[in-house]
Amino acid sequence: MTATATPTVTPSVPRRHAAPVAPRSPSWPRAAGILILAGGVMLTVATALEVGTDVATDPAAAAAFWVLFLGSVLAQVAAMFPLALGRGDGHGAVGSSLVGKLALLGFGAFLLANHSLYLVVTYLLPTATPSVGAMAFVLGVSAVQGMLLVLGGVVIARAGVLRGAARWAILVLSLVGFALGAVVSDPSNGVLTDVMYFVSTGAQIVAGILIARATLSAAK
């Protein structure tokens, strides 16, 4: 008998493929959101100190209030830069809209001016009687600040760069700010005013969380 060679079958080894790497999401929404969140937390604590302690006469409470209040303002102002300009390339939450960029950066400038005026009038010059013109100027700064944030929020919502609830976070925050302004303008109900202050700071915290966790539109 003639032996016949039996062909050997080599098992095929599947080719190894590199695991797909998920694209890294831009860091600017996280930076903007964290700054807004930090500002909201500091402002909440500062508001609690202002409501629950005598900031004008207690040195420890006053020091903590000033540090937290100023820190919250600076954090909110700083957040407008990544929100408007992204990573510095001009592609942030408002897309390519120049109006949106100017609105957000302008809001930051007016926020700084408005809160600085608040500290001066309330704590540095508490006995001074402001003139009608000075009061009109303060109210005008507050109104412009609010309108700029509304405009920025509308542009963010229309641009659709941020997805999900984050897309509407700034617009909702601006509307809460207008509600706070309406309540503060009537000093007869101090309890409602205090509640609205905390509603406003809470809305800021929520907005910061949403933006920090936001995903971006695939087209952006």
Side-chain angles (χ1 to χ4, degrees), residues 20-47 71-115 141-182 196-220:
V21 179
R24 295 179 60 187
S25 58
S27 59
W28 64 262
R30 185 165 56 253
I34 289 173
L35 286 168
I36 293 172
L37 170 61
V41 171
M42 286 189 285
L43 189 57
T44 300
V45 179
T47 302
S72 72
V73 172
L74 293 177
Q76 293 175 68
V77 172
M80 295 303 107
F81 287 92
L83 198 63
L85 304 176
R87 294 169 296 184
D89 55 2
H91 298 288
V94 294
S96 60
S97 171
L98 178 60
V99 171
K101 293 179 178 67
L102 293 176
L104 292 178
L105 296 177
F107 164 77
F110 274 86
L111 177 73
L112 181 60
N114 188 25
H115 282 64
V141 170
S142 298
V144 173
Q145 171 193 317
M147 288 187 291
L148 286 172
L149 190 60
V150 170
L151 179 58
V154 170
V155 176
I156 290 173
R158 292 188 62 183
V161 176
L162 299 177
R163 300 179 61 186
R167 178 178 180 179
W168 307 97
I170 296 298
L171 181 58
V172 172
L173 180 60
S174 68
L175 298 178
V176 172
F178 269 109
L180 172 62
M196 280 303 301
Y197 273 125
F198 287 107
V199 170
S200 177
T201 60
Q204 184 177 329
I205 291 172
V206 172
I209 293 173
L210 291 174
I211 293 173
R213 295 170 56 88
T215 56
L216 304 185
S217 172
K220 303 297 178 184

Please name the pair of heavy atoms, one in [X] and one in [Y], separated by the smallest distance, quoted to 0.1 Å.
X: Gln204; Y: Ile36; result: NE2-O, 3.2 Å
X: Leu210; Y: Ala169; result: CD1-CB, 4.3 Å
X: Gly152; Y: Leu104; result: CA-CD2, 4.0 Å
X: Ala78; Y: Pro82; result: O-CD, 3.0 Å
X: Gly39; Y: Ser72; result: O-CB, 3.2 Å
X: Ile205; Y: Gly40; result: CG1-C, 3.7 Å

Notebook entry, point to check: What side-chain hydrogen bond (donor to acceptor under 3.5 Å, both in side chains) pairs are there with at least one residue in residues 165-177, not counting sequence neighbours?
Noted result: none
Would you say the side chain of [Y] lies within less than 4.5 Å of the side chain of [X], judging by non-hydrogen atoms?
X: Met147; Y: Phe178; value: yes
X: Thr201; Y: Val41; value: no
X: Leu216; Y: Trp28; value: yes
X: Leu43; Y: Thr47; value: yes
X: Leu171; Y: Ile156; value: no

Next item on the list: State the CZ-CG distance between Phe198 and Leu180, to the nearest 0.5 angstrom.
Entry: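 Phe198 CZ to Leu180 CG: 11.5 Å, rounded to 0.5 Å.
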Checklist line | Gap separating the CG atom of Leu162 from the CG atom of Leu83, nearest 0.5 angstrom | finding: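 Interatomic distance, Leu162 CG to Leu83 CG, rounded to 0.5 Å: 7.0 Å.
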Margin query: For the backbone of Met196 and the side chain of Ser200, can you confirm whether one donor and one acceptor N or O come within less than 3.5 Å of each other?
Written below: no
Note to self: Tell me whether Lys101 contacts the main-chain N or O of Gly95 through its side chain, where contact means a donor paired with an acceptor under 3.5 Å.
What the structure shows: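 A pair under 3.5 Å: yes.
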Notebook entry, point to check: Checking side chain to side chain contact (heavy atoms under 4.5 Å, CB included) against His115, which of Val77, Leu74, Val73 comes through?
Noted result: Val73
Next item on the list: List in chain and number order the residues that pass side chain to side chain donor-acceptor pair (under 3.5 Å) with Gln76, two or more places apart in sequence or in another chain; answer none if no residue qualifies.
Entry: none
Margin query: Under the rule for side chain to side chain donor-acceptor pair (under 3.5 Å), what residues qualify as partners of Ser142, not counting sequence neighbours?
Written below: Asn114
